[in-house]
Amino acid sequence: MRIDIITVLPELLESPFGHSILKRAQDKGLAEIYIHNLRDWSTDKHRRVDDYAFSKEAGMVMMVEPIEKAINELKSQREYDEIIFTSPDGKRFKQNDANQLSLKKNIIILCGHYKGVDQRVRDNLITREISVGDFVLTGGELAAAIIADAVVRLIPGVLSDETSALTDSFQDGLLSPPVYTRPADYKGWKVPDVLLSGNDQLIEDWKMEQAYERTKKLRPDLLEKHDDE
């Protein structure tokens, strides 16, 4: 998979992609992540990529020309399955979206900034708009890092234990059950006896029950959606 991220603040993305699982995925050749500075496509001598809104709304707006030039240059080099725009008013990003995107080959992520982008970018160049939550960030760089992390970890071979991703929260519509490790008794805080029983079926039944109860307590909305389906 190749992910091209277009941003006005490339420095913000140096750390997330240079460590841990994302770095290992790139070192293994399983993922390629390229950060592009949108200002490289600016025609302004000061490398500006924003301007005032015609509507006289407060805040600056990302201009259509540098974005269109950046996307078209990348598209001239390869085909892209998705061109994603990170925006607080996009579709809420969920695990199923990460699952779908992990099957793609080439993706562009355009990081929103300032007051947003010229609507003509969204109308003519973007294939999917994604929000990571009902709140506003300074820019879309952190959202892009979240999307890339959620997607890349699902690529076969990235995680040392591929079954780990399949048992994550949200994969089956439930939160994950509690997990424990050694010691079995720490200052009187004990691991549930069932996990020490060696009975695989009892353990699986316990995990399912705990997953349901945790979801009911912490995210009842997930159960309501499951019931509707």
Side-chain angles (χ1 to χ4, degrees), residues 1-42 49 62 66-87 90-113 117 121 125-133 137-172 176 179 181:
M1 169 179 284
R2 175 181 170 121
I3 301 176
D4 289 271
I5 300 177
I6 302 172
T7 170
V8 296
L9 291 172
E11 300 84 3
L12 262 180
L13 294 171
E14 291 177 358
S15 179
F17 300 126
H19 302 278
S20 190
I21 290 173
L22 289 176
K23 183 178 187 301
R24 292 200 297 271
Q26 295 173 81
D27 291 342
K28 290 180 180 180
L30 299 173
E32 296 178 289
I33 301 174
Y34 294 92
I35 313 300
H36 306 278
N37 191 337
L38 180 61
R39 299 184 192 280
D40 292 341
W41 286 275
S42 173
V49 294
M62 295 174 70
I67 294 173
E68 190 258 356
K69 286 184 174 181
I71 290 176
N72 280 349
E73 182 172 326
L74 291 173
K75 288 173 65 178
S76 71
Q77 299 168 6
R78 67 194 58 82
E79 292 185 6
Y80 284 91
D81 302 294
E82 295 279 5
I83 302 175
I84 297 168
F85 174 55
T86 60
S87 169
K91 178 180 179 290
R92 182 87 64 85
F93 188 60
K94 297 185 178 180
Q95 186 61 48
N96 188 52
D97 298 308
N99 294 344
Q100 293 175 10
L101 289 173
S102 71
L103 303 176
K104 306 297 184 181
K105 185 176 181 182
N106 299 316
I107 297 172
I108 292 174
I109 302 178
L110 171 64
C111 299
H113 213 74
V117 300
V121 172
L125 300 171
I126 302 301
T127 64
R128 185 184 296 212
E129 299 188 15
I130 290 179
S131 167
V132 296
L137 298 170
T138 303
E141 287 76 20
L142 297 180
I146 288 171
I147 294 166
D149 187 293
V151 170
V152 169
R153 68 189 300 275
L154 296 173
I155 298 173
V158 170
L159 297 180
S160 56
D161 182 356
E162 294 183 14
T163 62
S164 176
L166 300 178
T167 57
D168 286 339
S169 291
F170 309 112
Q171 285 289 14
D172 57 1
S176 295
V179 293
T181 188

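K23 NZ: 12 or fewer foreign heavy atoms inside a 6.0 Å radius. Heavy-atom neighbours of Q77 CD from other residues, nucleotides or ligands within 6.0 Å: above the threshold of 12.
When all heavy atoms are compared, the tightest approach of L154 to S102 is CB-CB, 3.7 Å. Heavy atoms only, all atoms of each residue included: A145 and P16 are closest at CB-CB, 4.1 Å. The two residues P156 and L30 make their nearest non-hydrogen contact at O-CD1, 3.9 Å.
Inter-residue side-chain proximity for L74 and H36 is flagged as met; some heavy-atom pair is nearer than 4.5 Å. Between L159 and R153, the closest side-chain pair of non-hydrogen atoms falls below 4.5 Å. Put simply, the side chain of T127 does not reach to within 4.5 Å of the side chain of Y80, judged on heavy atoms. When side chains are defined from C-beta on, I147 counts as touching I109, because their heavy atoms get closer than 4.5 Å. Residues V121 and L110 form a side-chain contact, since some pair of their non-hydrogen atoms from C-beta on lies under 4.5 Å apart. Side chains of I35 and L9 form no contact here, defined as non-hydrogen atoms less than 4.5 Å apart. V132 has its side chain out of reach of T86: every pair of non-hydrogen atoms, C-beta onward, lies at least 4.5 Å apart. Using a 4.5 Å heavy-atom threshold, the side chains of I6 and I71 count as touching.
For the atom pair I84 CD1 and I3 CD1, the distance stands at 8.0 Å (nearest 0.5 Å). Going from atom SG of C111 over to atom CG of L142 covers 9.0 Å, rounded to the nearest 0.5 Å. The CD atom of E141 sits 9.5 Å away from atom CD of E11, with the distance rounded to the nearest 0.5 Å. Rounded to the nearest 0.5 Å, atoms CG (L38) and NZ (K69) are 11.5 Å apart. Distance check: I155 CD1 to K28 NZ gives 11.0 Å after rounding to the nearest 0.5 Å. We find the CG-CD1 distance between N72 and I67 to be 12.0 Å, quoted to the nearest 0.5 Å.
E32 pairs in a side-chain contact (heavy atoms from CB on, under 4.5 Å) with only one of the listed residues (Q26, M1, R2), which is R2.
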**OP:** Give the C-alpha distance, both sets of side-chain angles, the deciding distance and a yes or no for side chain to side chain contact (heavy atoms under 4.5 Å, CB included) between L13 and T7.
**Re:** CA-CA 9 Å; L13 294 171; T7 170; 4.2 Å; yes
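A salt bridge links K91 and D97; the closest N-O separation between the charged side-chain nitrogens and carboxylate oxygens is under 4.0 Å.
Taking the ring centre of F85 as origin, the terminal cationic atom of R128 falls outside the region bounded by 6.0 Å and 45° from the ring axis.
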